[in-house]
Enquirer: 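Sharing a structure here in structure tokens format.
In this chain, numbering begins with 1 at the start of the sequence shown.
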Amino acid sequence: MQNLESLQFEELKSKLELRFGETHSLQNYYSQFINRKQRFGENIASLGSDIERLSQLAYPECPDTVRDKIACAQFVSALSDGFVKRTLQMEGKTSLREAIERGKAIKLIQENYFQYKKKSNLNFGRKQESQIEKNNGESEGNKFNGKRFKKLPVNQNFEGRKNNKECWECGKEGHFRSECPGKAGNKE
């Protein structure tokens, strides 16, 4: 390493600019901008505002419309929710503000849907429980661990059940589709 006292003013100035100057800052902001990803628990609005801030720092000389398109593309790629990301990509948003608003709307719809689905599943479970409680007075022969089962006659074996089956090919009883006499493969 060189002795700082032996450096000329111009050399010292260029070394300091290289280390702490605007060029270094631009590269640092650009690196932060392209590597920015949505953090766990971070909402879409705060991600969008940070992307906008970093785009202004990374591209200070760029026209606003171009910078907005670049920021929008980076915002979409920075999203952690794959559904919101794909939806925005398919819609082809080019404005950062529009992409942020649309992303918030999609996320809200998605959260409401999952809450509705969760609530309806809970209600379905309660209905099943009340049905089981209602059926507790019925004979124990039709139930197993609180669930109802159809009681089959004891003397009915496989052959007897086979003869009661309806063929899916011709609609007649007494055989399976694979054994159907009317099937094209069985006609000789």
Enquirer: Tell me whether Lys85 contacts the main-chain N or O of Ser77 through its side chain, where contact means a donor paired with an acceptor under 3.5 Å.
Expert: yes

Enquirer: If I compare all heavy atoms of Gln38 with all of Asn43, which pair ends up nearest, and what's the gap?
Expert: NE2-C, 4.0 Å

Enquirer: Can a donor-acceptor pair be found, under 3.5 Å and without considering hydrogens, that links the side chain of Gln32 to the backbone of Leu54?
Expert: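 No, the answer is negative, given that no donor and acceptor are paired below the 3.5 Å cut-off.
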
Enquirer: Would you find more than 12 non-hydrogen atoms of other residues, nucleotides or ligands less than 6.0 Å from Lys69 atom NZ?
Expert: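 No, not enclosed.
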
Enquirer: Are the charged groups of Glu42 and Lys107 less than 4.0 angstrom apart, N to O?
Expert: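 Result for this pair is no, no salt bridge flagged.
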
Enquirer: List the atom of Ser49, the atom of Ser46, and the distance in Å for their closest heavy-atom pair.
Expert: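 Between these two residues, the closest heavy atoms are OG-O, 3.0 Å.
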
Enquirer: More than 12 heavy atoms of other residues, nucleotides or ligands under 6.0 Å from OH of Tyr59: yes or no?
Expert: yes

Enquirer: So, for Arg67 and Pro60, which heavy atoms are closest and what is the spacing to 0.1 Å?
Expert: NH2-O, 3.8 Å

Enquirer: Work out which heavy atom in Ile100 is nearest to a heavy atom in Ile44; give both atom names and the distance.
Expert: O-CG2, 3.9 Å

Enquirer: Got Val84 and Gln110 here, is their nearest side-chain heavy-atom distance under 4.5 Å?
Expert: yes

Enquirer: Is it true that Arg97 and Glu52 have a side-chain N and a carboxylate O under 4.0 angstrom from each other?
Expert: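 So Arg97 pairs with Glu52 through a salt bridge.
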
Enquirer: Can you give me the closest heavy-atom contact between Asp50 and Arg36, atom names plus distance?
Expert: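 It is OD2-NE, 2.5 Å.
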
Enquirer: To the nearest 0.5 Å, what is the distance between CD on Gln74 and CG on Leu79?
Expert: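 If I round to the nearest 0.5 Å, the distance is 10.0 Å.
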
Enquirer: So, for Leu96 and Cys72, which heavy atoms are closest and what is the spacing to 0.1 Å?
Expert: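 Reported closest heavy-atom pair: N-CB, 3.7 Å.
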
Enquirer: Heavy-atom distance under 4.5 Å between the side chains of Ile70 and Phe33, does that happen here?
Expert: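 With C-beta onward as the side chain, the pair touches.
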
Enquirer: Linking I/L/V/M/F/W/Y whenever their side-chain heavy atoms sit closer than 4.5 Å, directly or via other members, would Leu57 and Val66 fall into one cluster?
Expert: no

Enquirer: Measure the CD1-NZ distance between Ile109 and Lys104 for me, rounded to the nearest 0.5 Å.
Expert: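 With rounding to 0.5 Å, CD1 (Ile109) is 13.5 Å from NZ (Lys104).
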
Enquirer: Quiz question: by atom type and distance under 3.5 Å, do the side chains of Ser31 and Asn28 form a donor-acceptor pair?
Expert: no

Enquirer: From Tyr29 OH over to Ser55 OG, what is the distance, rounded to the nearest 0.5 angstrom?
Expert: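 Between Tyr29 OH and Ser55 OG, I get 13.0 Å after rounding to 0.5 Å.
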
Enquirer: Measure the shortest side-chain to side-chain distance between His175 and Cys180 over non-hydrogen atoms and say whether it is less than 4.5 angstrom.
Expert: yes

